[in-house]
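Everything on this sheet refers to the single structure shown next.
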Amino acid sequence: MTFATLGLIEPLLRALETLGYQTPTPVQAQAIPAVLAGRDLMAAAQTGTGKTAGFALPLLQLLTLEGPKVAANSARALILCPTRELAEQVHASVAEYAQHLPLTTYAVYGGVSINPQMMKLRKGVDILVATPGRLIDLFRQNALKLNQLQTLVLDEADRMLDLGFSEELANIYRMLPKKRQTLLFSATFSDDIRLLAGQMLNDPLSIEVSPRNVAANTVKQWVVPVDKKRKPELFVHLMRKGRWKQVLVFAKTRNGVDALVDKLQGLGINADGIHGDKPQATRQRALDRFKASDVQILVATDVAARGLDIEDLPLVVNFDLPIVAEDYIHRIGRTGRAGNTGEAISLVCADEVNMLSAIEMLTRQTLTRKMEPDFEPEHRVPDTDASGQVVKKPKKPKKPKTSGGGGKRNLGKWVDSGEVAPAEPSIKPVRKVPVFNTGPRKKK
Ligand code: AMP
């Protein structure tokens, strides 16, 4: 199968040739004809599957061949993305695909001044990529009208809900024309996503290109058990031992990112960090420098986990496991993209065992554990498997036959590790919100 046989027009084929895309990926093969035929779409596609081109190519074609010229302060197609970085990246891809077409494209997101965005929208844009909050601001300030909108794309819909955008999505839904095409892309399909799909989509075609909730099999994954306090030391040890060249590292908190970056920089290692507290320009610069290989180690919170496409990234390290198990799939989806192979290593301490178990259950696999000599944890990480079972306490050895019994025996250090599974924060703390509730927005 070729892109030409899918019915794409010549200017798009030319752009794809320049980009070196020869064969459509499975999601593209299914999505392109359906979108060209005007269908709504509900697509389960994980990152790295080529889903952006899957929606962008037919969308560009429809806008080129159909519909009126874009009016002032209007958009003909809207692509909603959960994060600023993803909005930038999707926009960059769309602009590349559109390079030979007479269409205008633009991306808007928060964290930067709204005025230049309002100016840019004056003439109208054919395709607008936006994060939900900024889109609503622009709409409320009359900088954007949506009555000309013919297509809405919800990219990484599950992430938008995870980030607490359900109220914004409900507001945007009310701003849209009833007659439109809607394409929903999500890596995972929770009940909330299905509810959202039920409200926003009209007789959608369902596409599933890989088994649901399964991480890309081009990524070799394993776990290194370690005590929490020794994680930084283990990271540096593994980095030196493996001669890691370029690594994306995920930490749970903003403070965690800063602490690890400080530690690495203190050792003369070329590292930088991105998280939600940093200004957008700083985040983008760190990401650009990492992509250009000017930075060797990029440490990030989950704000960077979704959708970011970093060419040939060989390795992702989970310095901390994610609290939401689905994020594991997105994090490791930064490697092994577009047919390349990659590695994902997770440094796991005893009090992350419930997260590990949730990840194994979600991905339906028991992750291989590799002990690193000299870093064996004092607090043993209890056994887990894909059934979701956590063996909290190692079996005690048989009672030694001693006279007088009842006294406390010295059973060795490992027996104490029965205390290793303290209550963990709930594995899925943020997802159980009805999609269109009107409650207060969750903080990102
Ligand atoms: P995505 O899942 O949309 O983020 O795409 C992942 C990566 O695959 C991006 O770097 C795309 O440029 C690349 N890509 C998408 N479609 C193709 C294709 N048909 N052939 C080769 N590379 C592709």
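In each ligand, atom 1 is the first atom listed, and ligand 1 is the first ligand listed.
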* **side chain to side chain contact (heavy atoms under 4.5 Å, CB included) between Glu85 and Arg283, worked out** => CA-CA 9 Å; Glu85 283 83 2; Arg283 279 159 63 173; 2.8 Å; yes
* **Distance filter under 4.0 Å to Thr23 heavy atoms, resulting ligand 1 atoms** =>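 Every atom of ligand 1 under 4.0 Å from some heavy atom of Thr23: 18 (C), 19 (N), 20 (N).
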* Using a strict 4.0 Å cut-off to heavy atoms of Thr52, name the atoms of ligand 1 that fall inside it. =>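 What qualifies from ligand 1 is 1 (P), 3 (O), 4 (O).
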* Can we say Asp155 and Lys51 salt-bridge, meaning some charged N sits less than 4.0 Å from an Asp/Glu carboxylate O? ->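 Judged by the 4.0 Å cut-off on N to carboxylate O distance, Asp155 and Lys51 do form a salt bridge.
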* Asked: Would you call Lys231 and Asp320 a salt bridge, taking side-chain N to carboxylate O under 4.0 Å as the test?
  ->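 Yes, charged N to carboxylate O under 4.0 Å.
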* To do: Pick one of side chain, backbone, both or neither for how Phe55 approaches ligand 1, counting any non-hydrogen atom pair under 4.0 Å.
  =>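 It is neither; nothing of Phe55 touches ligand 1.
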* Residue pairs passing the salt bridge (Lys or Arg N to Asp or Glu O under 4.0 Å) test where at least one lies in residues 1-25, sequence neighbours excluded ->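 Residue pairs with at least one partner in residues 1-25: Glu10-Arg14.
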* **Contact check: Gln28 vs ligand 1, nitrogen or oxygen atoms, below 3.5 angstrom** =>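 There is such a contact, yes.
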* Based purely on interatomic distance, does Gly50 place a nitrogen or oxygen under 3.5 Å from a nitrogen or oxygen of ligand 1? ->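 Between Gly50 and ligand 1, an N or O pair is found under 3.5 Å apart.
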* Using 30° and 60° as the class limits, which term best fits the ring planes of Tyr97 and Tyr21: parallel, tilted or perpendicular? ->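 Geometry flag for Tyr21 against Tyr97: perpendicular rings.
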* Using heavy-atom distances, let me know which of Tyr21, Phe3, Phe185 sits nearest atom 11 (C) of ligand 1. =>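 Looking at heavy atoms only, Tyr21 sits closest to atom 11 (C) of ligand 1.
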